[in-house]
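Everything numeric here is computed off the predicted structure, so don't read it as measured data. In what follows, chains are A, B, ... by sequence order, proteins preceding strands, each numbered from 1. The analysis underlying the following values was restricted to heavy atoms, covering all of them including side chains, and did not include hydrogens, waters or symmetry mates.
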Amino acid sequence: MTHSPLQLTLTEWDQRYAELARAGLREPWYGGPLARHVERENNERLRRLRFDSSAAALRLWNFLLTENERLRTARAQGDRLVGTMKDLGTVPVMACALPKVRPFYPDGAWWTPCLMECSDRLLVQADALGTDPSFCPVRAMLPAFLNDEHFPRPDLLICSTGAVCDDFSAIAQRLERLGHPILWWEMPRRRAPDPGEPACDLPGGLIGPAGQVECVREELQRVGVELGKLAGCDLTHERIRAGIRSANQIRRQLQTLRQTVYAAPGAPLPALEMLIAEMLAVHFCSDRGECLPVLAELATEATRRVATRQFVIPDDAVRVFWVNPVADLRAMNLLEACGGRLCGSDFMFTHALDLIPEDLPPFEALARTALADPMVGPAQDRARRIVDDCRRFKIEAVVIARIPGASHCPWEGNPIRERIADKLALPIVEIEIPPVCDALLPTLRTRIEAVLEIARARREP
Amino acid sequence: MEVFLTSPWVPAEIIRAHGHRPRSAWPATPNRASAVPEGVCSFAQSLLSLAESHPDAALVFTTACDQMRRAADAALARSRSRIFLFNLPATWQSPAARNLYRAECARLGRFLTTLGGPHPKAEDLLSVMIDQENRRAALRQFIQRHPARLAAEALAGFYSEGIVPTAPPTDAIPVPRGIPVALIGGPLLPSQWSLFDDLESTGGRVVLNATEPGERCLPPPCPIPSPEQPPLPALADHYFDHAVDAFHRPNTRFYDWLGPRLHERQVRGLVLWVHVGCDLWRAEAASLRDAFHLPLLTLDAHVESTGGLRDTNRLAAFIESLQ
Ligand code: SF4
Ligand code: SF4
């Protein structure tokens, strides 16, 4: 079905859905019109977003917004649920390698106040539980755990700790004190090997000390034993190898999608859908099997649009690299409304986009991947990768999104800015985006427009 | 060379054994940190200023929290050769965490030799351990017999210069009266010691100082290894096993340490001392209340001083509520 790509409001999507249905749209069981997510889950924010008009995007959104429902169904069918907190990408590969085990990130409650436009009062409740606005919006996870109204309570909770943000570490500790036992595992702070110290290559072009890899490997083996107990069978090397292969299939698919979209002369898919698609890498949105076709359909759509030069954003839009996820999804729409397009990203989990080595013993491979997490190493490493990606995707401007309360944000901006200024001299803007940014929209708009204007002025005539 | 330690959980013995002078960062941090950006812990920021104002000294940061880890990154970017970031594991239950800690102690030793110190022989480290242990024993005695402010001064003297005041006869110093409270939390700097006076003037009395470097930071006596045993692993294990802090995951050891002391000393209220921007201590407020069922007052710390009149008024109201 040919259709010029557009960004539609939720109401416009109703009509589009009807058209697609008339044309014989086939959907997975979690499919349906987008508007139902407002009625059923109170996701009021959807009314203020603009969505890509493709069937592929519809499937992506439905996949994302039915996660809690799918988790409940899985539990009813006897699956064991594992809350894998903080590591963003590694433990889910292990959990998915076991039969009838489903990992999910309770951290995802980060976006609940945004989606529900704070009508859930999760942030107010988080405040009452001892985590005030000086903590990042992930504090919404705390009441979400207690009130059982969002995700189901996991059968096992696993959390990486050590070189993680203070916000999450403190909130997870509070959660444990509130009666939710946690299996903690140590994540050392990644450092460059000392002269003469045995070292290993890590994904993402990094190098780490062999001793740190060994520490993480042992920790992951310990986690593997607990996962095995939960599943009632051992997490054997064969199982993990198969799990790694499946994860890599998804990561490859995502790499194809990113390359297609970010390298294209115009934007075949909008920023918001790209953010959601990238997020799937972290835990496959609780369904590894379904995640692959969701991404494949999106990549097919993007490829088709590039081939027919059908772009959803005008092709003179400024090519922007975006750093950090946004607490309010609306900010991604705003970028486009200001005349930008997403051409590169570091949403804090670039290690979940890189392929896990398949030629190493599996725990070793996972340990190296976990240690490549941009958040466990110095911001300078992160900045280096950002600069490389900016070059690769011909970036014209960089937006650093600050997360309110996040312990890392006040420290990271400078090293990232300095590196970009030193190597590329691109215009950069740093903006803080709260979970519902409506009141700040005029300011945010002005600041983004200003940086895009500078980028545009620098274009060669 | 002077080597500043930013945490009580890095053995100063290793520094002394390498021929350097361990100094603690708490008393040395500048009274005025450079402008503290929003969201940044003022203590972590002041460590950067400390590094800048002491270009001939080395600094050992730790990974105890994200803020300090990132302050270390900033310091490393400016001066790699004299900054060491010690990976303090947050967990303590697994052999992997213990091995990480031991390996970091050994790595610290290698760093110290790059600063010009000799590589110590086992007996050198052992004799430093014995000497340090004797000083700690004297310090423990001193702080038991002295009011909180004097004890804090003694602790600071020990950590910054290794000096321990001699304890006068028990009856030499009158025991102050007041409602017994525990002071809990992160770094309490000399510029902030007026907090003890404020507490006393409002009718309270600190009977347990669990800030940094308070009593909480004094590990129990370290068993001295036999001459056949390598001393470094024994020293590392002792620190690893007895660190009591909020950053541990889980941080049950901190609660297990606190509980009996609060009970023994008949503590009636808790004052939580939290640096602005410090999530780790701030998040403990609710858990401390739940765990000990004691009234708790959170005071926000800025590097320069205590919070002035407003905090004094809050303290007064708090102490009054405990009467
Ligand atoms: S957004 Fe930042 S501060 Fe918040 S949980 Fe994620 S890494 Fe931590
Ligand atoms: S006061 Fe808190 S945030 Fe600051 S360095 Fe200490 S633990 Fe870290």
Side-chain angles (χ1 to χ4, degrees), chain A residues 128-132 134-136 139 159 161-174 176-178 181-182 184-189 191 194-195 197 209 211-212 214-219 221-222 375 377-380 402 404-415 418 432, chain B residues 36-41 44-45 62-74 76-77 80 85-97 99-100 103-104 107 110-111 114 246-252 255 274 276-291:
Chain A
L129 289 166
T131 52
D132 64 18
S134 66
F135 293 82
C136 113
R139 66 201 175 100
C159 185
T161 188
V164 303
C165 62
D166 293 337
D167 301 67
F168 203 93
S169 174
I171 292 164
Q173 176 62 77
R174 180 85 188 105
E176 189 174 54
R177 287 230 148 242
L178 287 166
I182 292 174
W184 305 92
W185 62 279
E186 185 74 31
M187 170 51 74
R189 182 263 188 195
R191 61 175 170 83
D194 291 333
E197 187 179 16
Q212 288 196 333
E214 189 183 324
C215 169
V216 180
R217 178 170 47 74
E218 284 176 22
E219 285 296 83
Q221 281 167 334
R222 189 163 66 85
M375 304 309 286
Q380 285 82 358
R402 283 177 72 143
S407 62
H408 51 96
C409 282
W411 294 97
E412 281 174 326
N414 274 346
E418 278 165 16
E432 181 163 295
Chain B
V36 182
E38 200 188 331
V40 166
C41 158
Q45 175 79 21
T62 75
T63 58
C65 71
D66 196 20
Q67 296 261 355
M68 195 184 302
R69 190 155 62 92
R70 291 180 186 276
D73 287 345
L76 278 162
R80 180 158 286 277
L85 177 53
F86 190 106
N87 202 136
L88 266 186
T91 54
W92 42 272
Q93 319 77 328
S94 71
N99 290 339
L100 176 62
E104 286 297 279
R107 196 168 70 86
R110 292 195 293 274
F111 167 76
T114 67
F247 75 86
H248 284 125
R249 294 294 171 264
N251 60 15
T252 39
Y255 282 79
V274 182
V276 173
C278 175
D279 294 335
L280 295 188
W281 281 107
R282 189 168 304 279
E284 291 308 320
S287 296
L288 284 165
R289 266 193 206 101
D290 294 350

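Within the 4.5 Å cutoff, no side-chain heavy atoms of A:Pro410 are placed close to those of B:Glu38. The shortest distance between side-chain heavy atoms of B:Asn87 and A:Arg191 does not fall below 4.5 Å.
Only the side chain of A:Leu178 comes within contact range of chain B, with at least one heavy atom under 4.5 Å from a heavy atom of that chain. When heavy atoms are compared at a cutoff of 4.5 Å, A:Val164 approaches chain B solely by way of its backbone atoms N, CA, C and O. Residue contact with chain B, scored on non-hydrogen atoms closer than 4.5 Å, is absent for A:Glu418. Only the side chain of A:Glu412 has a heavy atom closer than 4.5 Å to any heavy atom of chain B. For a residue to count as touching a neighbouring chain, one of its non-hydrogen atoms must lie under 4.5 Å from one of that chain's; by this rule B:Ala246 does not touch chain A. If you measure heavy-atom distances from A:Pro188 to chain B, the contacts under 4.5 Å come from both the backbone and the side chain. At a 4.5 Å heavy-atom cutoff, A:Met187 makes no contact with chain B through either its backbone or its side chain. Looking at B:Gln93, the atoms closer than 4.5 Å to chain A (heavy atoms on both sides) all sit in the side chain, from C-beta outward.
Considering only heavy-atom pairs separated by less than 4.5 Å from chain B, the leading option among A:Gln212, A:Arg217, A:Glu214, A:Arg174 is A:Arg174. In terms of heavy-atom pairs under 4.5 Å with chain B, the best-connected choice from A:Ser134, A:Cys159, A:Gly162 is A:Ser134. Note: B:Ala71 leads B:Ala77, B:Cys278, B:Ala285, B:Ala71 in heavy-atom pairs under 4.5 Å with chain A. Chosen from B:Phe111, B:Phe247, B:Tyr255, the residue pairing most often with chain A at heavy-atom distances under 4.5 Å is B:Tyr255. The greatest number of non-hydrogen atom pairs below 4.5 Å with chain A, out of B:Leu88, B:Val276, B:Thr63, B:Leu85, is found for B:Leu85.
Separating the CG atom in B:Asp66 from the CZ atom in A:Phe168 is a distance of 13.5 Å, to the nearest 0.5 Å. For the atom pair OG1 of A:Thr131 and CG of B:Asp279, the computed distance is 10.0 Å after rounding to the nearest 0.5 Å. In this structure, the separation between CD on A:Gln380 and CG on B:Leu76 is 8.0 Å, given to the nearest 0.5 Å.
Residues passing the ring-ring contact (aromatic ring centres under 6.0 Å, His included) test with A:Trp411: none are found, sequence neighbours excluded. With sequence neighbours left out, the side-chain contact (heavy atoms from CB on, under 4.5 Å) criterion links A:Ala406 to A:Cys136, A:Ile403, A:His408, A:Cys409.
Judged purely by atom type and a 3.5 angstrom limit, A:Glu176 has no side-chain atom pairing as donor or acceptor with the backbone of B:Pro250. Between the side chain of B:Arg249 and the backbone N or O of A:Glu186 there is no donor-acceptor pair closer than 3.5 Å.
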Just do the side chain to side chain contact (heavy atoms under 4.5 Å, CB included) check on B:Leu280 and A:Gln173 with the steps written out, would you? CA-CA 9 Å; B:Leu280 295 188; A:Gln173 176 62 77; over 6 Å; no
Given the rule in the side chain to side chain contact (heavy atoms under 4.5 Å, CB included) test, do B:Ser94 and A:Arg222 qualify, once you have shown the distances and angles that lead to the verdict? CA-CA 9 Å; B:Ser94 71; A:Arg222 189 163 66 85; 3.6 Å; yes
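The two atoms that bring A:Gly130 and B:Ala286 nearest to each other are CA-CB, 4.0 Å, heavy atoms only. Heavy atoms only, all atoms of each residue included: B:Thr91 and A:Trp185 are closest at CG2-C, 4.4 Å. Nearest heavy atom pair, residue B:Asn251 against residue A:Arg177, reads OD1-NE, 3.9 Å.
For the pair B:Arg70 and A:Asp166, the salt-bridge criterion is not met [side-chain N within less than 4.0 Å of a carboxylate O]. Ion pair A:Asp194/B:Arg107 flagged as a salt bridge, since at least one NZ, NE, NH1 or NH2 atom sits closer than 4.0 Å to an Asp/Glu carboxylate oxygen. Remark: A:Arg189 engages B:Asp73 in a salt bridge, criterion side-chain N to carboxylate O under 4.0 Å.
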